[in-house]
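What follows is a set of notes on a single structure, which appears directly below.
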Protein chains: 2
Amino acid sequence: MVCCLCHEAEIGGMEDRTQTSLIALRRILRATELNARTLARATGLTTPQLIVLEIVAAAGRATPKDISGKAGVGQATATALVDKLEARGLVTRTRSDLDKRVVWVAPTEEGRELLKTAPDPLQKTFSAQFEKLPDWEQAMIVAALERVGAMLNAGALDAAPLLDVGAVDRK
Amino acid sequence: MVCCLCHEAEIGGMEDRTQTSLIALRRILRATELNARTLARATGLTTPQLIVLEIVAAAGRATPKDISGKAGVGQATATALVDKLEARGLVTRTRSDLDKRVVWVAPTEEGRELLKTAPDPLQKTFSAQFEKLPDWEQAMIVAALERVGAMLNAGALDAAPLLDVGAVDRK
DNA sequence: GCCATTTTATTCGCTAATCAAAATATCTAT
DNA sequence: ATAGATATTTTGATTAGCGAATAAAATGGC
């Protein structure tokens, strides 16, 4: 196999490739979704709970508002998720002294331990195989993923206001 | 920019790239998730409901068991989702004559119409931008996405039914 | 033909996620 | 000091999802 893919590019039809990449994208989504479920079962936590725990552990501590923003859920939901984690002894709540409105959520030793000992199988599988790839292919994948991410995020920004308008005319 | 990325590959640290690609992957997942929510709001349906409708429309008709398999949920859930769609007049239930246990779920005219007019910002923006890319970059992205998909599926190779979110891709 | 097994769809009881709106407590600026 | 802003939680509701139980119909062995 060679580094440059341009030759292979000529083979497939031009229009197919959009479809092909969308299909590939969906396969990736599907795989990660399945992964999330098995991970959830393995740790005894649900996926949203695990996400919150990861956010908190990554930052060292976080307010419910931080969590809500980073996890992409409402504040009420964030509170509910923190409740569950706190009940399981994986995080603690501490009221701030400087601003008594804010609550710091921090992982307990047990919470950190759980993240360490229950590593994401997605990450594991991916990492293991990714690191076996030749250098050029790693670089290609990084570039492609970032490209796709940028494209999708650009779309999300454009689409938001547009959708609000169109949301009414149905039903 | 040139076709071959090998030069750039030398720049970044070797270990970073695994992390970088995981981060990029998460951005993609996040974007598609947000997209699903806005799409759901725009159509007045929830994401699982939309998936079921797409499965039914793609196949012409489907039994609750089919749906359950393709959507990756239990039969009870499939029944519940069909209930919602039926209540909104987007699908119909018909008992089979040959085997009176089975129920055929088929889209109504209104259901098909909704899928046609439903804006799918993810697909739309992705396609629009993807098609503007130079040939070599398209090929690179397809190759990379398929590579990643294969790697992830290797981890969870239960060959689960494909998520038919697309409504376009049929084998 | 008859009974046991399997298959298909549905119902029921329960947990979790999620949101919007209201309630509470606290801070900040005037 | 008071009005408004901010952070969190509570409340009330909907949806998704699972597993177990149920009902109805097909199938296979005898």
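Residue numbering restarts at 1 for every chain, and letters A, B, ... go by the order of the sequence lines. Keep in mind that this is a model prediction, so the values were computed, not measured.
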Side-chain N or O of [X] versus OP1/OP2 of [N]: is the shortest distance under 4.0 Å?
X	N	answer
Thr77(B)	dA16(D)	no
Lys65(B)	dT8(C)	yes
Thr79(B)	dT10(C)	yes
Gln49(A)	dA17(C)	yes
Lys84(A)	dA17(C)	yes
Thr63(A)	dA7(D)	no

Send over the distance from [X] [atom1] to [N] [atom2], rounded to a whole Å.
X	N	atom1	atom2	answer
Lys100(A)	dT28(C)	NZ	P	13 Å
Ile67(B)	dA16(D)	CD1	C1'	16 Å
Trp104(B)	dT10(C)	CH2	P	13 Å
Asp99(A)	dT8(D)	CG	P	8 Å
Gln75(A)	dT18(C)	CD	C1'	14 Å
Arg88(A)	dT15(C)	CZ	P	13 Å
Arg95(A)	dC27(C)	CZ	C1'	13 Å
Asp83(B)	dT15(D)	CG	P	12 Å

Handout entry: Pair Asp83(A) + Arg88(A), salt bridge at N-O below 4.0 Å
Key = no
Practice task
Just call it for Leu98(A): base, sugar-phosphate, or nothing, with non-hydrogen atoms closer than 4.0 Å on any strand.
Solution key: sugar-phosphate
Problem - Side chains of Ile141(B) and Trp136(B) in contact at under 4.5 Å (non-hydrogen atoms) - result: no
Handout entry: Nucleotide of dT8(D), dT11(D), dT18(C) approaching Ala76(A) most closely (side-chain heavy atoms)
Key = dT11(D)
Problem - Candidate nucleotides dT18(C), dT10(C), dT9(D), ranked by approach to the side chain of Arg93(B) - the nearest - result: dT10(C)
Exercise for the section: Report yes if a donor N or O on one partner sits less than 3.5 Å from an acceptor N or O on the other, where the partners are the side chain of Arg101(A) and the base of dT8(D); otherwise report no. Expected result: no
Under 3.5 Å, side chain of [X] to main-chain N/O of [Y], donor-acceptor pair present?
X	Y	value
Thr108(A)	Gly89(A)	yes
Ser68(B)	Val73(B)	yes
Gln129(A)	Met151(B)	yes

